[in-house]
Undergrad: 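Before anything else, here's the structure in question.
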Amino acid sequence: IQSLLKNDSDSLLTMLEQSGLRGRGGAGFKTALKWRFCRDTDASDHYVVCNADEGEPGTFKDRILLNSFADNVFEGMTLCAGIIGAKKGYLYLRGEYRYLLESLERVLQKRRDANLLGKNICGQQGFDFDIDIHLGAGAYICGEESALIESLEGKRGIPRKRPPFPVTSGFRNQPTVVNNVETFVAAA
(Lines give C-alpha, C1' and ligand atoms only; values in the text may rest on other atoms or scores of the structure.)
Protein backbone atom coordinates (compact mmCIF):
# COMPACT_ATOMS: atom_id res chain seq x y z
CA ILE A 1 0.00 0.00 0.00
CA GLN A 2 2.93 2.32 0.65
CA SER A 3 3.83 2.31 -3.06
CA LEU A 4 0.23 3.22 -3.81
CA LEU A 5 0.39 6.18 -1.46
CA LYS A 6 3.68 7.40 -2.96
CA ASN A 7 2.81 6.93 -6.66
CA ASP A 8 -0.14 7.68 -8.91
CA SER A 9 -2.02 4.92 -10.68
CA ASP A 10 -0.26 5.55 -14.00
CA SER A 11 3.15 5.04 -12.39
CA LEU A 12 2.01 1.83 -10.73
CA LEU A 13 0.51 0.53 -13.95
CA THR A 14 3.80 1.27 -15.69
CA MET A 15 5.65 -0.70 -13.00
CA LEU A 16 3.21 -3.60 -13.40
CA GLU A 17 3.65 -3.44 -17.16
CA GLN A 18 7.44 -3.47 -16.87
CA SER A 19 7.27 -6.44 -14.51
CA GLY A 20 5.61 -8.45 -17.27
CA LEU A 21 2.99 -9.78 -14.84
CA ARG A 22 0.29 -11.72 -16.63
CA GLY A 23 -2.83 -13.23 -15.14
CA ARG A 24 -2.04 -16.64 -13.70
CA GLY A 25 -5.50 -18.04 -14.34
CA GLY A 26 -4.73 -19.60 -17.71
CA ALA A 27 -5.29 -16.96 -20.37
CA GLY A 28 -2.15 -15.04 -19.45
CA PHE A 29 -3.69 -11.63 -20.13
CA LYS A 30 -1.45 -8.70 -19.16
CA THR A 31 -2.43 -7.63 -15.65
CA ALA A 32 -1.58 -3.94 -16.13
CA LEU A 33 -3.65 -3.80 -19.31
CA LYS A 34 -6.66 -5.41 -17.63
CA TRP A 35 -6.45 -3.01 -14.70
CA ARG A 36 -6.01 -0.03 -17.04
CA PHE A 37 -9.09 -1.00 -19.12
CA CYS A 38 -11.14 -1.24 -15.93
CA ARG A 39 -9.82 2.01 -14.46
CA ASP A 40 -10.45 3.92 -17.69
CA THR A 41 -14.07 2.79 -17.98
CA ASP A 42 -16.35 5.56 -16.77
CA ALA A 43 -18.83 4.19 -14.23
CA SER A 44 -20.34 4.91 -10.82
CA ASP A 45 -18.57 1.91 -9.22
CA HIS A 46 -15.61 -0.35 -9.89
CA TYR A 47 -15.02 -3.76 -8.28
CA VAL A 48 -12.13 -6.10 -7.52
CA VAL A 49 -12.83 -9.83 -7.42
CA CYS A 50 -10.36 -12.52 -6.44
CA ASN A 51 -11.15 -15.84 -8.05
CA ALA A 52 -10.35 -18.50 -5.45
CA ASP A 53 -12.60 -21.08 -7.09
CA GLU A 54 -9.80 -23.44 -8.02
CA GLY A 55 -11.56 -26.44 -9.49
CA GLU A 56 -9.00 -28.34 -11.56
CA PRO A 57 -8.61 -31.88 -10.18
CA GLY A 58 -5.44 -32.21 -8.13
CA THR A 59 -4.83 -28.46 -8.03
CA PHE A 60 -4.34 -26.83 -4.65
CA LYS A 61 -2.02 -23.81 -5.12
CA ASP A 62 -4.79 -21.39 -4.05
CA ARG A 63 -5.29 -23.34 -0.84
CA ILE A 64 -1.58 -23.07 -0.05
CA LEU A 65 -1.45 -19.36 -0.91
CA LEU A 66 -4.58 -18.59 1.11
CA ASN A 67 -3.21 -20.57 4.07
CA SER A 68 0.23 -18.97 4.07
CA PHE A 69 -0.06 -15.68 2.19
CA ALA A 70 -3.63 -14.41 2.66
CA ASP A 71 -2.33 -11.00 3.69
CA ASN A 72 -0.52 -10.72 0.34
CA VAL A 73 -3.70 -11.70 -1.53
CA PHE A 74 -5.61 -8.92 0.23
CA GLU A 75 -2.70 -6.50 -0.28
CA GLY A 76 -2.78 -7.21 -4.04
CA MET A 77 -6.53 -6.67 -4.10
CA THR A 78 -6.12 -3.37 -2.23
CA LEU A 79 -3.41 -2.27 -4.65
CA CYS A 80 -5.75 -3.04 -7.55
CA ALA A 81 -8.57 -1.14 -5.83
CA GLY A 82 -6.39 1.93 -5.38
CA ILE A 83 -5.42 1.87 -9.05
CA ILE A 84 -8.90 1.31 -10.51
CA GLY A 85 -10.86 3.32 -7.93
CA ALA A 86 -12.80 0.42 -6.40
CA LYS A 87 -14.46 0.74 -3.00
CA LYS A 88 -15.49 -2.92 -2.73
CA GLY A 89 -13.79 -6.23 -3.30
CA TYR A 90 -14.83 -9.87 -3.06
CA LEU A 91 -12.88 -13.03 -2.47
CA TYR A 92 -14.88 -15.72 -4.25
CA LEU A 93 -13.88 -18.76 -2.20
CA ARG A 94 -14.37 -22.29 -3.47
CA GLY A 95 -17.01 -24.07 -1.36
CA GLU A 96 -14.59 -26.89 -0.54
CA TYR A 97 -12.31 -24.31 1.11
CA ARG A 98 -14.99 -23.27 3.60
CA TYR A 99 -12.69 -24.40 6.41
CA LEU A 100 -10.40 -21.45 5.52
CA LEU A 101 -13.17 -18.91 6.06
CA GLU A 102 -12.52 -18.21 9.75
CA SER A 103 -8.77 -17.67 9.32
CA LEU A 104 -9.33 -15.48 6.24
CA GLU A 105 -11.85 -13.36 8.16
CA ARG A 106 -9.24 -12.94 10.92
CA VAL A 107 -6.68 -11.71 8.39
CA LEU A 108 -9.22 -9.24 6.99
CA GLN A 109 -10.02 -7.99 10.51
CA LYS A 110 -6.31 -7.52 11.29
CA ARG A 111 -6.00 -5.45 8.11
CA ARG A 112 -9.02 -3.36 9.15
CA ASP A 113 -7.56 -2.89 12.65
CA ALA A 114 -4.25 -1.76 11.08
CA ASN A 115 -6.12 0.72 8.83
CA LEU A 116 -5.15 -1.27 5.72
CA LEU A 117 -8.82 -1.80 4.84
CA GLY A 118 -11.89 0.34 5.46
CA LYS A 119 -12.24 4.12 5.38
CA ASN A 120 -9.31 6.44 4.66
CA ILE A 121 -6.76 3.62 4.36
CA CYS A 122 -3.40 4.61 5.93
CA GLY A 123 -4.83 8.07 6.57
CA GLN A 124 -5.34 8.73 2.84
CA GLN A 125 -8.55 10.77 2.63
CA GLY A 126 -11.04 9.12 0.26
CA PHE A 127 -9.11 5.85 -0.10
CA ASP A 128 -11.92 3.57 1.04
CA PHE A 129 -11.87 -0.14 0.25
CA ASP A 130 -13.08 -3.28 1.96
CA ILE A 131 -13.33 -6.97 1.08
CA ASP A 132 -16.09 -9.50 1.68
CA ILE A 133 -15.76 -13.26 1.27
CA HIS A 134 -18.35 -15.04 -0.85
CA LEU A 135 -18.55 -18.83 -0.65
CA GLY A 136 -19.02 -20.58 -3.97
CA ALA A 137 -21.38 -23.51 -4.39
CA GLY A 138 -18.79 -25.92 -5.76
CA ALA A 139 -19.65 -25.62 -9.45
CA TYR A 140 -16.58 -26.13 -11.65
CA ILE A 141 -17.84 -23.63 -14.25
CA CYS A 142 -17.69 -20.80 -11.68
CA GLY A 143 -13.94 -20.73 -12.15
CA GLU A 144 -14.66 -18.91 -15.45
CA GLU A 145 -14.77 -15.20 -14.64
CA SER A 146 -18.17 -14.29 -16.06
CA ALA A 147 -19.83 -17.38 -14.54
CA LEU A 148 -18.20 -16.45 -11.23
CA ILE A 149 -19.70 -12.95 -11.50
CA GLU A 150 -23.13 -14.42 -12.22
CA SER A 151 -22.82 -16.59 -9.10
CA LEU A 152 -21.57 -13.64 -7.04
CA GLU A 153 -24.74 -11.78 -8.08
CA GLY A 154 -26.87 -14.68 -6.79
CA LYS A 155 -27.65 -16.14 -10.21
CA ARG A 156 -26.83 -19.50 -11.77
CA GLY A 157 -23.13 -19.69 -12.59
CA ILE A 158 -23.40 -19.62 -16.36
CA PRO A 159 -20.81 -17.82 -18.52
CA ARG A 160 -21.92 -14.57 -20.12
CA LYS A 161 -21.67 -13.81 -23.80
CA ARG A 162 -18.77 -11.52 -24.60
CA PRO A 163 -18.31 -8.71 -25.36
CA PRO A 164 -18.86 -6.86 -23.11
CA PHE A 165 -16.00 -8.09 -20.94
CA PRO A 166 -16.00 -7.84 -17.13
CA VAL A 167 -13.46 -4.97 -17.16
CA THR A 168 -16.16 -2.77 -18.70
CA SER A 169 -19.36 -4.53 -17.59
CA GLY A 170 -18.81 -7.06 -14.81
CA PHE A 171 -20.28 -7.31 -11.32
CA ARG A 172 -23.60 -5.41 -11.23
CA ASN A 173 -22.77 -4.33 -14.81
CA GLN A 174 -19.93 -2.17 -13.49
CA PRO A 175 -16.23 -2.36 -14.44
CA THR A 176 -14.69 -5.31 -12.59
CA VAL A 177 -11.20 -6.75 -12.37
CA VAL A 178 -11.25 -10.52 -11.83
CA ASN A 179 -7.85 -12.05 -11.13
CA ASN A 180 -6.95 -15.25 -9.38
CA VAL A 181 -5.19 -15.71 -6.03
CA GLU A 182 -1.74 -16.19 -7.53
CA THR A 183 -2.01 -13.03 -9.65
CA PHE A 184 -2.92 -10.86 -6.65
CA VAL A 185 -0.05 -12.34 -4.61
CA ALA A 186 2.36 -11.57 -7.46
CA ALA A 187 0.98 -8.03 -7.82
CA ALA A 188 1.54 -7.39 -4.11
Side-chain angles (χ1 to χ4, degrees), residues 1-4 12 15-35 38 47-84 86 88-114 116-118 121 129-152 157 159 166-167 170-171 176-188:
I1 291 181
Q2 293 307 316
S3 63
L4 187 58
L12 290 170
M15 284 186 238
L16 262 179
E17 220 162 44
Q18 291 171 346
S19 77
L21 179 62
R22 291 176 173 270
R24 307 286 173 87
F29 196 81
K30 293 179 179 179
T31 302
L33 192 57
K34 182 182 245 190
W35 293 12
C38 186
Y47 293 96
V48 177
V49 176
C50 180
N51 181 349
D53 192 57
E54 177 176 65
E56 290 293 327
T59 305
F60 50 87
K61 68 172 173 50
D62 288 357
R63 182 184 70 196
I64 292 168
L65 292 171
L66 290 168
N67 256 322
S68 302
F69 302 100
D71 197 58
N72 295 82
V73 174
F74 298 138
E75 178 79 7
M77 292 177 71
T78 305
L79 175 67
C80 179
I83 289 173
I84 70 168
K88 193 70 184 167
Y90 296 92
L91 173 71
Y92 188 96
L93 186 65
R94 177 181 180 175
E96 289 85 352
Y97 292 167
R98 173 182 225 97
Y99 69 93
L100 294 173
L101 185 61
E102 192 175 308
S103 65
L104 292 170
E105 290 287 5
R106 277 196 304 272
V107 173
L108 286 172
Q109 191 55 52
K110 281 182 186 176
R111 289 186 67 82
R112 290 180 189 110
D113 293 344
L116 298 173
L117 282 176
I121 294 173
F129 178 70
D130 208 346
I131 299 168
D132 287 339
I133 299 174
H134 178 90
L135 279 172
Y140 175 79
I141 193 63
C142 288
E144 191 277 331
E145 67 180 358
S146 66
L148 180 149
I149 290 168
E150 288 288 300
S151 176
L152 191 58
V167 291
F171 183 64
T176 305
V177 165
V178 180
N179 281 124
N180 73 354
V181 172
E182 190 178 1
T183 306
F184 282 121
V185 168

Undergrad: State the CG-CG distance between L91 and L135, to the nearest 0.5 angstrom.
TA: 9.0 Å

Undergrad: Drop me the distance from I141's CD1 to E150's CD, to the nearest 0.5 angstrom.
TA: 11.5 Å

Undergrad: Under a 4.5 Å cut-off applied to non-hydrogen side-chain atoms, are I133 and L108 in contact?
TA: yes

Undergrad: Does the plane of the ring in F171 sit parallel, tilted or perpendicular to the ring in Y47? Use 30° and 60° as the thresholds.
TA: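 Plane angle over 60°, so perpendicular.
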
Undergrad: What do the steps show when you test R111 against T78 for side-chain contact (heavy atoms from CB on, under 4.5 Å), and what is the final call?
TA: CA-CA 11 Å; R111 289 186 67 82; T78 305; 3.8 Å; yes

Undergrad: Return the CZ to OG1 distance between R22 and T31, rounded to the nearest 0.5 Å.
TA: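 Here the interatomic distance stands at 9.0 Å.
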
Undergrad: Mind checking whether K61 and N180 have side chains closer than 4.5 Å, heavy atoms only?
TA: yes

Undergrad: Which value, rounded to the nearest 0.5 Å, describes the distance between F60 atom CZ and R94 atom CZ?
TA: 11.5 Å

Undergrad: Quick one: are V49 and L148 in side-chain contact, heavy atoms under 4.5 Å?
TA: yes

Undergrad: With the side chain counted from C-beta on, respond yes when C50 and V181 share a heavy-atom pair under 4.5 Å apart, and no when they do not.
TA: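 Yes. Closest side-chain heavy atoms under 4.5 Å.
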
Undergrad: Considering only heavy atoms from C-beta outward, does the side chain of V48 approach that of F129 to under 4.5 Å?
TA: yes

Undergrad: Show, in sequence, the C-alpha distance, side-chain angles and deciding distance for F184 and L79, and conclude whether the side-chain contact (heavy atoms from CB on, under 4.5 Å) test is met.
TA: CA-CA 9 Å; F184 282 121; L79 175 67; over 6 Å; no

Undergrad: Would you say that more than 12 heavy atoms from the other residues, nucleotides or ligands in this model lie under 6.0 Å from the NZ of K30, or not?
TA: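 Open.
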
Undergrad: Between L66 and L93, is any pair of side-chain heavy atoms under 4.5 Å apart?
TA: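 Yes, their side chains come closer than 4.5 Å.
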
